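In what follows, a structure is listed as structure tokens, so that the remarks can point back to it.
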Amino acid sequence: MKPFVSLAAAVVFGIATLSAQAADPIVIKFSHVVAPDTPKGKAAEKFKELAEAKTNGAVKVEVYPNSTLYKDKEEMEALQMGAVHMLAPSLAKFGPLGVKEFEAFDLPYIFRGYEDLHKITKGEVGAGLLAKLEPKGVKGLAYWDNGFKVMSANKPLKMPEDYKGLKMRIQSSKVIEAQMRALSAIPQVMPFSETYQALQTGVVDGTENPPSNLYTQKMHEVQKHVSLTNHGYLGYAVIANKGFWDKLAPEVRTGLEEALKESTDFANQIAKEENDKALEAVKASGKSEIYTPTEDETKALQKALAPVHAEMSERIGKELIESIYAATGFDPSK
Ligand code: LMR
């Protein structure tokens with residue numbers, strides 16, 4: 001080839017490569033562990049739709065639900081390594097990352113309902129917690145609601161004594177571990193994706209989760225009794241790999257931030273309704289007996305679980321726990 005021709009070819013080829021690069025969307029891999037038909041699953045899909053529209057196609061979001069890409073612990077590691085870009089792990093799963101403070105959300109009966117919860121997730125305390133993720137290479141972006149947990153097993157769960165000796169599957173939180181021990185149950189940390197099978201085969205006897213997770217994983221088919229204890233909260237922090245997030249062009253990041261804001265509002269609007277619907281579906285299935293504890297039974301459970309706050313205060317930070325009580329105006333010990 002003559003030098004002139006090869007130079008021209010190189011220029012043409014170079015331009016073609018550049019324009020192809022400009023047209024290639026930035027791929028965001030968003031991995032999660034629950035079914036698509038849950039508050040988090042639906043919010044992740046909403047985020048995808050909004051993010052792609054608001055960045056005019058500069059971003060493509062690939063959502064991987066149901067642990068298809070990674071299980072609980074692996075997804076955190078994958079995020080830090082940049083193998084995935086976004087996650088929305090439950091607030092109970094930040095201990096292994098070294099940010100134990102998130103376990104405050106797991107304290108039994110710390111919130112009387114969503115209104116108390118939102119004083120934290122939409123306020124200063126919540127923002128302060130997200131900021132603690134930065135030194136870990138993780139950007140905390142938003143909180144997405146799920147709901148209040150029910151207990152399940154193959155025997156009726158009414159009084160604290162009923163939990164004695166039961167092997168209960170839990171998330172990795174030390175607060176939830178202490179909660180189960182306070183009931184003389186035997187906590188077993190296990191990935192969410194393995195829970196159904198563990199319940200089915202009797203590796204564990206029971207578990208806790210909001211109804212939307214119980215129903216969409218079909219746990220109610222292998223748990224004869226569900227008790228509507230609402231003893232604790234389960235929700236999410238939406239997070240990104242910080243290096244990836246910081247390197248995005250400002251206009252792309254703005255589009256993503258808008259998409260996040262809207263998908264957060266969406267998540268928080270649908271969460272309660274999705275859980276109510278799931279509970280109705282569990283009832284309609286007739287596979288589990290649903291029990292609503294009496295006032296006395298609730299009081300007995302609250303009394304048995306109250307010491308967990310003091311027991312965990314060193315791990316989580318007394319000041320943080322007190323700032324939550326102050327923000328919600330509710331101290332469960334009083
Ligand atoms: C669990 O492991 O039980 C939950 O954290 C699953 C989820 O993401 O809602």
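Counting starts at 1 for both ligands and their atoms, in listed order. Just so you know, these numbers come straight off a predicted model, no measurement behind them. Excluded from the calculations below are hydrogen atoms, water molecules and symmetry mates; all remaining heavy atoms, backbone and side chain alike, are included. Numbering starts at 1 and runs along the sequence shown.
Side-chain contact, Asp331 with Ser333: a donor N or O sits under 3.5 Å from an acceptor N or O. For the 3.5 Å distance criterion, the side chains of His32 and Tyr70 fail to qualify, holding no donor opposite an acceptor. Side-chain contact of Glu274 with Tyr215: a donor-acceptor pair under 3.5 Å is absent, judged by distance alone. Between the side chains of Glu208 and Gln179, at least one donor-acceptor pair of N or O atoms lies under 3.5 Å. Asp72 and Ser172 form no side-chain donor-acceptor contact under 3.5 Å, judged by distance and modelled atom types alone. Under the 3.5 Å distance criterion, with hydrogens and angles disregarded, no donor-acceptor pair is assigned to the side chains of Asp106 and Tyr233.
At the shortest separation from atom 4 (C) of ligand 1 among protein heavy atoms lies Gln171 OE1, 3.4 Å. For atom 9 (O) of ligand 1, the closest non-hydrogen atom on the protein side is Tyr236 OH, 2.5 Å. Phe192 CD1, 3.3 Å is the protein heavy atom nearest to atom 1 (C) of ligand 1. When only non-hydrogen protein atoms are considered, atom 8 (O) of ligand 1 lies nearest to Lys40 NZ, 2.7 Å.
Cation-pi geometry between Lys218 and Tyr196 is not met at under 6.0 angstrom from the ring centre and within 45 degrees of the axis.
Put simply, part of Leu234 is less than 4.0 Å from ligand 1, judged by heavy atoms. Taking a 4.0 Å cut-off on heavy atoms, Arg169 registers as neighbouring ligand 1.
The shortest N/O to N/O separation between Lys93 and ligand 1 falls below 3.5 Å. Looking at ligand 1, you'll find an N or O of Asn213 within less than 3.5 Å of one of its N or O atoms.
Considering each of Thr216, Val34, Asp72, the one bringing a non-hydrogen atom nearest atom 7 (C) of ligand 1 is Val34.
The contact set between ligand 1 and Ser90, taken as ligand atoms under 4.0 Å from a residue heavy atom, comprises 5 (O).
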